[in-house]
Amino acid sequence: MPGDEASPQSPQSPRSPRPPQAPAHTPRTPPAPPDPRPPSDPLPVLERAERFIWLTARVLEQRRFAFHFLGGDADPVDTALGSYLNPDGGYGHALDPDLRGPLSQPLHTAHALRVLDGLGRCAGQRIERLCRHLTGVSTPDGALPVVFPAPHDYPTAPYHPTHDNPPGELLTTGPVVGLLHRNRVWHAWLFRATDFCWDRVENLHRTHPYEVQSAVAFLDGVPDRARAAAAADRLGRLVREQRLVVLDPRRRAEFPPAPGYAPGEQLFPHDFARRPESLARGWFTDEEMRRSLDFLAAQQQPDGGWPVRREAWAPGSSLERRPIATLEALLTLRAYGRLPARVSRPGPVPPQ
């Protein structure tokens, strides 16, 4: 991968002295055979990431990795996700690591839909029950808050404060609505929630990177493609004008994090355009996208995982977040052709 390979050696000058010969009494070691894989071969990236996943990830992320990269089946992923499902049809139990405790929360719903969308299983009675749950917990304007107030003081990340009467937010409503539309789900809850998202997206003037990500998730899935393209064009200009994206990773100091974000918590073109077909891809030149993907590839750590740029507020949350970030990085790199399009080797053998 770009950024992973060693620096190329400079060709030897014709006038440079020849390297010293081995002493006569020392047996000459035969040269090592050339590595059959070129330095840019992506297999080492996946191998290092796989080891990191098996060492650190929750069962859900282990099974997602096996499904996406090792030829594993979708059923084990579905089973693992089901352990986070609550009787009310929502998801809880720290599915999103930033919200601890068992209660169903909108951020967990968005996370679950991303998993199901990756499996091609965002449909059926489970989604019908989820939409009924969303109907019962929506704010008066038909949207979803970031965090519902809880009867118990379950820990949450400090950047997700709890309010007694939380307002609806594009941050949580946008991804849920976008993914349901992307999978052609039809439910009465979607009508008002979609109107809420349109109003917020088309009237954004001051925003922040994560809200922009949520807007993109909505626009990439909503059925009115002409309206979505127009809204995305305006949003992309806003992102560049307000310097909400680091266009050149070598000049990160020129793009300070948004107010309230942690030091180094900056977003790059690949964070908005996670796939080349995203409307956000049109915000960036080919060169800007290449630099961003090069930077993403080079961010793989020696242990095989990718870093988390958010504030580290609890040990468990930080540990659980890194495998998720690693999966997202790998899926983005593969979407842009930086990893094999097909599974490179057989998946894990199920027990007899």
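Atom set for the values below is all heavy atoms of this structure, side chains included, hydrogens, waters and symmetry mates excluded.
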Participant: Under 3.5 Å, which donor-acceptor pairs do the side chains of residues 177-184 form with other protein atoms, sequence neighbours left out?
Facilitator:
residue: H181; atom: NE2; partner: T194; partner atom: OG1; Å: 2.9
residue: R182; atom: NE; partner: D117; partner atom: OD1; Å: 2.9
residue: R182; atom: NE; partner: D117; partner atom: OD2; Å: 3.1
residue: N183; atom: ND2; partner: D117; partner atom: OD1; Å: 3.0
residue: N183; atom: ND2; partner: L179; partner atom: O; Å: 2.8

Participant: Is a side-chain N or O of S278 found less than 3.5 angstrom from the main chain of R274, in a donor-acceptor match?
Facilitator: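 Checking the backbone N and O of R274 against the side chain of S278, no donor-acceptor pair under 3.5 Å is found.
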Participant: Does the side chain of P145 come within less than 4.5 Å of T139's, by heavy atoms?
Facilitator: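 When only atoms from C-beta onward are counted, P145 and T139 do touch, with a gap below 4.5 Å.
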Participant: Listed by chain and number, what are the side-chain contact (heavy atoms from CB on, under 4.5 Å) partners of A262, not counting sequence neighbours?
Facilitator: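 Testing A262 for side-chain contact (heavy atoms from CB on, under 4.5 Å), a comparison that skips the adjacent residues, returns E265, E311.
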Participant: Locate the shortest heavy-atom distance separating A232 from L279; write the atom from each residue and the value.
Facilitator: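 Distance-wise, the nearest heavy atoms are CB-CB, 3.8 Å.
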Participant: Can you tell me how far OG1 of T56 sits from CZ of R51, rounded to the nearest 0.5 angstrom?
Facilitator: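 It comes to 11.0 Å.
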Participant: Which pair of heavy atoms, one from G264 and one from P257, lies closest together, and at what distance?
Facilitator: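 Scanning both residues, the minimum pair turns out to be N-CG, 3.9 Å.
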Participant: Looking at side-chain heavy atoms only, is the closest gap between C122 and I127 below 4.5 Å?
Facilitator: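 The answer is yes; the side chains approach within 4.5 Å.
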Participant: In Å and rounded to the nearest 0.5 Å, what is the OG1 to CG distance from T332 to L293?
Facilitator: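 Between T332 OG1 and L293 CG, I get 8.0 Å after rounding to 0.5 Å.
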Participant: If only atom types and distance count, is the side chain of S214 paired as donor or acceptor with the main-chain N or O of T172 below 3.5 Å?
Facilitator: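 Checked: no pair found.
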Participant: Where is the tightest heavy-atom contact between H163 and P166, given as atom of each residue plus distance?
Facilitator: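 Shortest heavy-atom contact: O-CD, 3.4 Å.
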Participant: Same cluster or not: L85 versus L119, using hydrophobic residues (I, L, V, M, F, W, Y) connected whenever any side-chain heavy atoms lie under 4.5 Å apart?
Facilitator: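 Yes; L119 is reachable from L85 via cluster members.
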Participant: Find out whether N86 and L103 are in side-chain contact, i.e. whether some heavy atom of one side chain is under 4.5 Å from a heavy atom of the other.
Facilitator: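 No, side chains not in contact.
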Participant: State yes or no: do V185 and V115 share one hydrophobic cluster built from I, L, V, M, F, W and Y residues joined by side-chain heavy-atom distances below 4.5 Å, directly or via other members?
Facilitator: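 Yes, V185 and V115 fall within the same hydrophobic cluster.
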Participant: Can you name the side-chain contact (heavy atoms from CB on, under 4.5 Å) partners of L331, sequence neighbours left out?
Facilitator: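 By the side-chain contact (heavy atoms from CB on, under 4.5 Å) rule, L331 matches R64, H68, F69, R334.
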Participant: Answer yes or no: does atom CG of N203 have more than 12 heavy-atom neighbours from other residues, nucleotides or ligands under 6.0 Å?
Facilitator: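 It does: N203 CG has more than 12 such atoms within range.
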Participant: Given side chains that start at C-beta, do those of V146 and P106 come closer than 4.5 Å, heavy atoms only?
Facilitator: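 Sidechains of P106 and V146: no contact.
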Participant: So F284 and V245, side-chain contact (heavy atoms from CB on, under 4.5 Å) or not? Walk me through it.
Facilitator: CA-CA 10 Å; F284 311 110; V245 56; 4.0 Å; yes
Participant: In a check of side-chain contact (heavy atoms from CB on, under 4.5 Å) between W283 and each of D233, V216, L247, which one passes?
Facilitator: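 Testing W283 for a side-chain contact (heavy atoms from CB on, under 4.5 Å) against D233, V216, L247 leaves exactly one candidate, V216.
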Participant: With sequence neighbours left out, write down each residue that passes salt bridge (charged side-chain N to carboxylate O under 4.0 Å, His left out) with D286, or none if nothing qualifies.
Facilitator: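 With neighbours one apart ignored, the set is R281.
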Participant: Is there a side-chain contact between H208 and Q242 (heavy atoms, below 4.5 Å)?
Facilitator: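 The answer is no, as the side chains (C-beta and beyond) never meet within the 4.5 Å cut-off.
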Participant: Which residues pass the salt bridge (charged side-chain N to carboxylate O under 4.0 Å, His left out) test with R100, not counting sequence neighbours?
Facilitator: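 Result, salt bridge (charged side-chain N to carboxylate O under 4.0 Å, His left out) vs R100: E320.
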Participant: According to ring pair (Phe, Tyr, Trp, His ring centres under 6.0 Å), does anything in residues 210-238 pair up with another residue at least two apart or in another chain? List the pairs.
Facilitator: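 Only W198-F218, Y210-Y261 qualify under ring pair (Phe, Tyr, Trp, His ring centres under 6.0 Å).
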Participant: Show every side-chain hydrogen bond (donor to acceptor under 3.5 Å, both in side chains) that has at least one partner inside residues 301-310, sequence neighbours left out.
Facilitator: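 Found D98-R310, D271-R309, D303-R322.
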Participant: With a 3.5 Å distance limit and no angle check, can you tell me whether T173 reaches the backbone of L144 through a side-chain donor-acceptor pair?
Facilitator: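 Flag set: sc T173 to bb L144 pair under 3.5 Å.
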Participant: Output the distance between atom CZ (F65) and atom CG (L330), rounded to the nearest 0.5 Å.
Facilitator: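 Reported to 0.5 Å precision, the distance equals 6.0 Å.
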Participant: Would you say R225's side chain and L219's backbone share a donor-acceptor pair under 3.5 angstrom?
Facilitator: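 The answer is yes, because a donor-acceptor pair under 3.5 Å joins these two groups.
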Participant: Look only at the side chain of S104 and the backbone of G92, and say whether a donor-acceptor pair between them is shorter than 3.5 Å.
Facilitator: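 No, S104 side chain to G92 backbone: no donor-acceptor pair under 3.5 Å.
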Participant: Cluster question for you: counting only ILVMFWY and a side-chain heavy-atom cut-off of under 4.5 Å, with indirect links fine, are V308 and L107 together?
Facilitator: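 Cluster IDs for V308 and L107 differ.
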Participant: Between P249 and F268, is any pair of side-chain heavy atoms under 4.5 Å apart?
Facilitator: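 Yes, side chains in contact.
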Participant: Looking only at non-hydrogen atoms, find the nearest pair between S83 and A80 and report the distance.
Facilitator: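 Smallest interatomic distance, heavy atoms only, reads OG-O, 2.7 Å.
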Participant: Can W54 be reached from L46 by stepping across I, L, V, M, F, W or Y side chains whose heavy atoms are under 4.5 Å apart?
Facilitator: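 Cluster IDs for L46 and W54 match.
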Participant: Given 3.5 Å as the limit, does a donor-acceptor pair link the side chain of Y91 with the main chain of Q105, or not?
Facilitator: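 No: the side chain of Y91 does not pair with the backbone of Q105.
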Participant: Hey, could you give me the CG/OH distance between L99 and Y154, rounded to the nearest 0.5 Å?
Facilitator: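 Taking CG in L99 and OH in Y154, the distance rounds to 13.0 Å.
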Participant: Could you list the residues that satisfy salt bridge (charged side-chain N to carboxylate O under 4.0 Å, His left out) with E61, not counting sequence neighbours?
Facilitator: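 Salt bridge (charged side-chain N to carboxylate O under 4.0 Å, His left out) list for E61, sorted by chain: R58.
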Participant: Pairs in or reaching into residues 190-218: which pass salt bridge (charged side-chain N to carboxylate O under 4.0 Å, His left out), with residues at least two apart or in two chains?
Facilitator: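 For residues 190-218: E202-R227.
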Participant: Ignoring hydrogens and angles, tell me if any N or O in the side chain of S292 forms a donor-acceptor pair with the backbone of E288 under 3.5 Å.
Facilitator: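 Checked: no pair found.
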Participant: Rounded to the nearest 0.5 Å, how far does CG of L130 lie from OG1 of T109?
Facilitator: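 Interatomic distance, T109 OG1 to L130 CG, rounded to 0.5 Å: 5.0 Å.
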Participant: Just how far is it from atom CG of L171 to atom CD of Q213, taken to the nearest 0.5 Å?
Facilitator: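 Answer rounded to 0.5 Å: 9.0 Å.
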Participant: Flag the pair H111 / I324 as yes when at least one side-chain heavy-atom distance between them is below 4.5 Å, and no otherwise.
Facilitator: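 Yes, at least one pair of side-chain atoms sits under 4.5 Å.
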Participant: Holding to salt bridge (charged side-chain N to carboxylate O under 4.0 Å, His left out), I want the full list of residues that pass it with E241, two or more places apart in sequence or in another chain.
Facilitator: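 Salt bridge (charged side-chain N to carboxylate O under 4.0 Å, His left out) list for E241, sorted by chain: empty.
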Participant: Whether the side chain of R63 engages the backbone of P76 through a donor-acceptor N/O pair (distance < 3.5 Å, no angle test) should be reported.
Facilitator: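 Pair found, side chain donor or acceptor close to backbone of P76.
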Participant: Name all pairs fulfilling the ring pair (Phe, Tyr, Trp, His ring centres under 6.0 Å) condition that reach into residues 225-256, sequence neighbours left out, sorted by first residue then second.
Facilitator: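 Matches after skipping sequence neighbours: none remain.
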Participant: Indicate yes or no: at least one non-hydrogen side-chain atom of Y84 is less than 4.5 angstrom from one of L60.
Facilitator: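 Touching, per the 4.5 Å side-chain cut-off.
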Participant: Enumerate the residue pairs fulfilling salt bridge (charged side-chain N to carboxylate O under 4.0 Å, His left out) with a member in residues 77-86, sequence neighbours excluded, ordered by first and then second residue.
Facilitator: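 For residues 77-86, and leaving out neighbouring residues, the salt bridge (charged side-chain N to carboxylate O under 4.0 Å, His left out) pairs sorted by first residue read D78-R121, D78-R126.
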Participant: Does the pair T135 and H187 meet the rule for a side-chain contact (heavy atoms from CB on, under 4.5 Å), with working shown?
Facilitator: CA-CA 10 Å; T135 302; H187 191 275; 3.6 Å; yes
Participant: Would you indicate whether Q125, at its atom CD, is surrounded by more than 12 heavy atoms from other residues, nucleotides or ligands within a distance under 6.0 Å?
Facilitator: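 Not more than 12 within 6.0 Å, no.
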Participant: What are the two closest non-hydrogen atoms of P323 and L319, and how far apart are they?
Facilitator: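 In this case the closest contact between P323 and L319 is CD-O, 3.0 Å.
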Participant: At their closest point, which heavy atom of A273 faces which heavy atom of M289, and how far apart are they?
Facilitator: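 Smallest interatomic distance, heavy atoms only, reads O-CE, 3.8 Å.
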Participant: Group every Ile, Leu, Val, Met, Phe, Trp and Tyr by side-chain heavy-atom contacts under 4.5 Å, then state whether W189 and F196 land in the same group.
Facilitator: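 Not linked; separate clusters.
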